[in-house]
Amino acid sequence: MRIGLYPGTFDPITLGHTDIIRRACALVDRLVIGVAINTGKGPLFTLEERVAMVESECAKLAAETGTEIVAHPFQNLLIDCAHDVGAQIIIRGLRAVTDFEYEYQMVGMNRAMDDSVETVFLMAEARYQAIASKLVKEIAKLGGDVSKFVPEDVRGKLLDKIS
């Protein structure tokens, strides 16, 4: 069974994330969504809330794609998380050149720790390339419409959270 790991903070999960998840399903039999605890980033949503949103959105994608998708909270090294879930592939989404520079360094470090785990980069669809959770939260806090950036259920949770 080919197992992939798509890690992130998912604070909140966006349409860019779901685009990458949908496309990653074509590459693996089982996709683990690694939800980083990452308190250093000061997430708006609790870990439990982020996992619940990921599970809800991924249930729809799993039904659509036929791929098993599970959420897995983690706070250890990404390569150790990959080992924990049995992943042979780490999936990373790219939006811009600045993403690539950071990801390039991460791949090098991960390969130095375990060169048997491959990293695959997927470019977000053009209409999702500018979406970043940080910007979505800022737009919502300032009263802007985020419906083009997050799934409808997530939009409701985001608006409830900031009000």
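Predicted, not measured: the structure shown is a model, and the values here were computed from it. The residues of the chain are indexed from 1 along the displayed sequence.
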**Request:** Kindly indicate, with the supporting measurements, whether the criterion side chain to side chain contact (heavy atoms under 4.5 Å, CB included) is fulfilled by L27 and V120.
**Result:** CA-CA 10 Å; L27 304 175; V120 174; 4.1 Å; yes
**Prompt:** Is any side-chain N of the basic residue among R155 and E152 closer than 4.0 Å to the acidic one's carboxylate O?
**Reply:** yes
**Message:** Let me confirm one number: the NE2-OG distance from H17 to S133, rounded to the nearest 0.5 Å.
**Reply:** 4.5 Å
**Request:** Check whether I91 and I13 end up in the same hydrophobic cluster, where Ile, Leu, Val, Met, Phe, Trp and Tyr are linked by side-chain heavy atoms less than 4.5 Å apart.
**Result:** yes
**Asked** Is the shortest heavy-atom distance from the side chain of L78 to the side chain of I90 under 4.5 Å?
**Response** yes
**Asked** Honestly curious: do M109 and Y104 fall in one hydrophobic cluster under the side-chain, below-4.5 Å linking rule?
**Response** no
**Prompt:** So, D145 and S147: side-chain donor and acceptor under 3.5 Å apart, yes or no?
**Reply:** yes
**Request:** Starting at CZ of R22, measure out to CD1 of I69 and round the result to the nearest 0.5 Å.
**Result:** 9.5 Å
**Request:** Please answer whether the main-chain N or O of C25 pairs with a side-chain N or O of T65 as donor and acceptor at a distance below 3.5 Å.
**Result:** no
**Asked** Between D19 and R127, is there a side-chain N and carboxylate O pair less than 4.0 Å apart?
**Response** no
**Fill in**
d(H83 NE2, N76 CG) to nearest 0.5 Å is 10.5 Å
**Prompt:** Can any side-chain N or O of R95 pair as donor or acceptor with the backbone N or O of I131 at less than 3.5 Å?
**Reply:** yes
**Prompt:** Can you find a pair of side-chain heavy atoms, one from T9 and one from R50, that are under 4.5 Å apart?
**Reply:** yes
**Request:** Describe, in one word, how the ring planes of Y6 and F10 are oriented to each other, choosing from parallel (under 30°), tilted (30 to 60°) and perpendicular (over 60°).
**Result:** perpendicular
**Prompt:** Roughly how far apart are L15 CG and Y128 OH, rounded to 0.5 Å?
**Reply:** 5.0 Å
**Asked** Going by an N to O cut-off under 4.0 Å, is there a salt bridge joining K157 and D153?
**Response** no
**Message:** As an exercise, state the distance from CZ of F100 to CZ of F121, rounded to the nearest 0.5 Å.
**Reply:** 6.0 Å
**Message:** Tell me if a side-chain donor or acceptor on D29 pairs with a main-chain N or O of M1 at a distance below 3.5 Å.
**Reply:** no
**Donor-acceptor under 3.5 Å (E118 side chain, I89 main chain)** = no
**Candidate pair I3 and V28, rule side chain to side chain contact (heavy atoms under 4.5 Å, CB included), full reasoning** = CA-CA 6 Å; I3 300 172; V28 297; over 6 Å; no
**Asked** Given the rule in the side-chain hydrogen bond (donor to acceptor under 3.5 Å, both in side chains) test, do D114 and S116 qualify, once you have shown the distances and angles that lead to the verdict?
**Response** CA-CA 6 Å; D114 182 350; S116 71; 2.6 Å; yes
**Request:** May I ask you to test the R30-R2 pair for a side-chain heavy-atom distance under 4.5 Å?
**Result:** no
**Prompt:** Out of curiosity, I37 CD1 to T46 OG1, how far, rounded to the nearest 0.5 Å?
**Reply:** 11.0 Å
**Request:** Please assess E68 against V70 for the test side chain to side chain contact (heavy atoms under 4.5 Å, CB included), listing each intermediate value before the final yes or no.
**Result:** CA-CA 7 Å; E68 179 186 2; V70 297; 4.0 Å; yes
**Message:** Checking K137 against K161 for the side chain to side chain contact (heavy atoms under 4.5 Å, CB included) test, could you report, in this order, the C-alpha distance in whole Å, the side-chain angles of both residues, the deciding distance, and whether it holds?
**Reply:** CA-CA 10 Å; K137 290 182 287 192; K161 189 68 141 175; over 6 Å; no
**Polar side chain donor-acceptor pair, N110 to D115, under 3.5 angstrom** = no
